[in-house]
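Quick caveat: nothing in here was measured; it's all calculated off a predicted structure.
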Amino acid sequence: MKGKHRIVVSTKRQKYEFELRRNLTILRGDSATGKTTLIEMIQDHENDPLGSPVELISDKKCYVLEGALWKEQLAGITDSIVFIDEGNTFVKAEEFAGVIQNTDNYYVI
């Protein structure tokens, strides 16, 4: 994967703007700094793009991956940016690491 991808996620009150330059990006920060809020905003937009107050600007489709069916969900996602909250236990599994190595997605955890 080459290049960089600019992502803007915003509402009237909040705005996140960043660039991805690698296929795996880890968001770090203290508690209550907005990491989970960012994922929730993307999920809100993903679930209802026309009715959501969230605006999402990206040159690639963005998804939130979560829950027990993560592998099935991921099988249908290609050439996209996948956001994952660290609270999902599958993130720490070797199986997850092996599966994402064989995809063309970008991952933000």
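- Atom NZ of K4 and atom CD of E19 lie 4.5 Å apart (nearest 0.5 Å).
- Sorted by first and then second residue, the salt bridge (charged side-chain N to carboxylate O under 4.0 Å, His left out) pairs involving residues 33-55 (not counting sequence neighbours) form an empty list.
- Placement of L38 and L65 in two distinct hydrophobic clusters is found when ILVMFWY residues are connected by side-chain heavy-atom separations under 4.5 Å, directly or transitively.
- The OG1 atom of T103 sits 7.5 Å away from atom CG of N23, with the distance rounded to the nearest 0.5 Å.
- Side-chain contact between N105 and I81: absent, with no pair of heavy atoms (C-beta onward) separated by less than 4.5 Å.
- The side-chain heavy atoms of V108 and I84, taken from C-beta on, include no pair separated by under 4.5 Å.
- No chain of hydrophobic side-chain contacts below 4.5 Å, direct or via other Ile, Leu, Val, Met, Phe, Trp or Tyr residues, connects V99 to V64.
- Within the 4.5 Å cutoff, no side-chain heavy atoms of R21 are placed close to those of H5.
- In terms of heavy-atom proximity, G67 sits nearest to N88 at N-OD1, 3.2 Å.
- Between W70 and F96, the ring-plane angle classifies as perpendicular under the 30° and 60° cut-offs.
- Residues meeting the salt bridge (Lys or Arg N to Asp or Glu O under 4.0 Å) test with K61, sequence neighbours left out: none.
- E66 and Q73 are not linked by any side-chain donor-acceptor pair at a separation below 3.5 angstrom, with hydrogens and angles left out of the test.
- A side-chain contact (heavy atoms from CB on, under 4.5 Å) with I7 holds for exactly one of D59, L56, I57; it is L56.
- Of the inter-residue distances, the one linking F18 atom CZ with T25 atom OG1 reads 8.0 Å to the nearest 0.5 angstrom.
- Formation of a donor-acceptor pair under 3.5 Å by the S80 side chain with backbone atoms of I77 is not found in this model.
- Atoms CG and CD1, from L24 and I100 in turn, are 5.5 Å apart once rounded to the nearest 0.5 Å.
- For E94, the CD atom counts as loosely surrounded, since its 6.0 Å shell holds 12 or fewer non-hydrogen atoms of other residues, nucleotides or ligands.
- Linking ILVMFWY side-chain heavy atoms closer than 4.5 Å, directly or via other members, places Y107 and L69 in two distinct hydrophobic clusters.
- In terms of hydrophobic clustering, with Ile, Leu, Val, Met, Phe, Trp and Tyr side chains grouped at heavy-atom distances under 4.5 Å, I39 and V82 are assigned to different clusters.
- Using a 4.5 Å cut-off between side-chain heavy atoms of Ile, Leu, Val, Met, Phe, Trp and Tyr, with links allowed through other members, V54 and L27 fall into the same hydrophobic cluster.
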Quiz item: Could you walk me through whether Q14 and T37 pass the side-chain contact (heavy atoms from CB on, under 4.5 Å) check?
Solution: CA-CA 10 Å; Q14 289 181 296; T37 301; 3.6 Å; yes

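- Applying the salt bridge (charged side-chain N to carboxylate O under 4.0 Å, His left out) test to every pair with at least one member in residues 72-90, sequence neighbours left out, gives these pairs: K60-D79.
- In terms of modelled atom types and a separation under 3.5 Å, the side chain of N102 and the main chain of G98 share a donor-acceptor contact.
- When side chains are defined from C-beta on, C62 counts as touching F83, because their heavy atoms get closer than 4.5 Å.
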Exercise. Report the C-alpha separation of M41 and Q43 in whole Å, then their side-chain angles, then the decisive distance to 0.1 Å, and conclude whether the side-chain contact (heavy atoms from CB on, under 4.5 Å) test is met.
Key: CA-CA 5 Å; M41 289 170 65; Q43 191 168 37; over 6 Å; no

